[in-house]
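Have a look at the structure below, then the notes.
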There are 2 protein chains.
Amino acid sequence: MSGTDPVCTAPSAGPQPSASCTGTVSHTLAWVARLHRIAMGRRLRDLGLYPGQELMMMRLWDCGAVRQSELIQSLGLDPSTVTKMLQRMEQCGYVRRSPDPADRRAVLVAATEEGLALRAGVENAWADLEQSTLAGLAPAERAELARLLGLVGENLAKEAGEDACAPGPGALC
Amino acid sequence: MSGTDPVCTAPSAGPQPSASCTGTVSHTLAWVARLHRIAMGRRLRDLGLYPGQELMMMRLWDCGAVRQSELIQSLGLDPSTVTKMLQRMEQCGYVRRSPDPADRRAVLVAATEEGLALRAGVENAWADLEQSTLAGLAPAERAELARLLGLVGENLAKEAGEDACAPGPGALC
DNA sequence: CCCGATTAGTTGGCCGACCACATATTCATG
DNA sequence: CATGAATATGTGGTCGGCCAACTAATCGGG
């Protein structure tokens, strides 16, 4: 790493040399991701969900009754995160949890009627956000963005171990 | 278990909007951002910082003594988030907070010696992550990714109101 | 000059997310 | 068949982050 990366110092002719290193892709990525999360959060709040819970529900809508460990792996989250999230969502009436008769350690999770009722709203919110996000981008640009993000994701997944979720393979499902 | 779950039933052709099936840019973006945050978190932990604190420190390194409200605006965070973060960072010895003599409501924040000592490590971590993130991407691809992310960011910033952080204006100190 | 509106910061509560640790249950092997 | 490894889940704690409600100080009119 003798890289001599003039990280910040660079008085680059770029558009925004604002505070220390604002020119990096990393910064922009973090910034965009936060805006995206906030935007999704607004849409979800009207539905009675918190950011992150919609992914859980999507998995449940697709798979019916699932073991909690499956959710943990498919969402790439920490087990404790899933446990607590499900406890809250159960208390809100969106999911039902029951012991797995085949494995007394495991817990089976399924969406309730109320949970199913959210599906249309969430899918609509998701599509709406996607559209708003990509407004003004040509199809080719959208494809390129998706491709580049995928490459970056692989880089990061490689470095961070091999956990995390898998957007592409969609093995099951 | 029994393979072939036609879960994502739609064998349909084309861009099935079936929300759950992970094809959207939004999904990929959220996924990549999470990996990115985790990767940065690892690097920061070795330095004694938590994710998000490095942005605060960067601002302080650049601006010297700043009013808290300035930090709030430049980082685009909630006031309470900044208050609590600074309280912890002060207790860790990275920053010092003092009342502004010119405005008895305001608080001036500045990095301590210990805080300044982190600068090299953070910049190095940031550069290292940037490199790891963009590994395998040609310069043109990196530029294109930055451009597209910028466009997406503008879209989201527009919709989310006028707050959020601004990599652009860089009104800076 | 006084009183309302704006600004600056704090506290409490809640959620997502992580880690470290603890528990129950199944599995694999000797 | 017993025993240790692996699995599935839960607890407690900490952080970043948001919202809502509150205090304190400054600013603007009337």
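For the numbers below, each heavy atom of this structure counts, side chains included, while hydrogens, waters and symmetry mates do not. In what follows, every chain begins at residue 1, and chains take the letters A, B, ... in the order their sequences are listed. A quick note: this is a predicted structure, and the numbers were derived from the prediction, not measured.
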Pick base, sugar-phosphate or nothing for [X], based on heavy-atom distances below 4.0 Å to the nucleic acid.
X	result
A:S69	sugar-phosphate
A:L77	sugar-phosphate
B:D100	nothing
A:T81	base

Checklist line | N/O donor-acceptor pair, side chain B:R105 with base C:dT7, under 3.5 angstrom | finding: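 Side chain to base: pair present.
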Check: Do B:K84 and C:dG12 have a side chain to base donor-acceptor pair shorter than 3.5 Å?
Finding: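 Present.
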Below 4.0 angstrom, N of the basic side chain to O of the carboxylate: do [X] and [Y] qualify?
X	Y	value
B:E70	B:R67	no
A:E154	A:K158	no
B:D78	B:K84	no

Notebook entry, point to check: Looking just at side-chain N and O atoms, do A:T24 and B:W126 make a donor-acceptor pair shorter than 3.5 Å?
Noted result: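 Judged by distance alone, the side chains do pair up.
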Notebook entry, point to check: Among side-chain atoms of B:R59 and B:S74, is any donor-acceptor pair under 3.5 angstrom?
Noted result: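 Result is yes, a qualifying pair exists.
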Name the closest nucleotide to the [X] side chain, picking from [options].
X	options	value
A:D78	C:dC19, D:dC15, C:dC15	C:dC19
B:R104	C:dG9, C:dC19, D:dA25	D:dA25
B:A106	C:dA8, C:dT11, D:dG16	C:dA8
A:S80	C:dA20, C:dG12, C:dA8	C:dA20
B:I38	C:dT10, D:dC18, C:dC18	C:dC18

Notebook entry, point to check: If you find the nucleotide of DNA chain C closest to B:P79 and the one closest to A:P51, which residue's nucleotide is nearer the 5' end?
Noted result: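 Nearest-nucleotide comparison on DNA chain C picks B:P79.
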Margin query: Can you work out whether A:R37 or A:D103 has the more 5'-proximal nearest nucleotide on DNA chain C?
Written below: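 The residue closer to the strand's 5' end, by nearest nucleotide, is A:R37.
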Take atom [atom1] of [X] and atom [atom2] of [N], then tell me their distance rounded to the nearest Å.
X	N	atom1	atom2	value
A:R45	C:dG16	CZ	C1'	15 Å
A:Y50	C:dG13	OH	P	15 Å
A:R67	D:dT9	CZ	C1'	12 Å

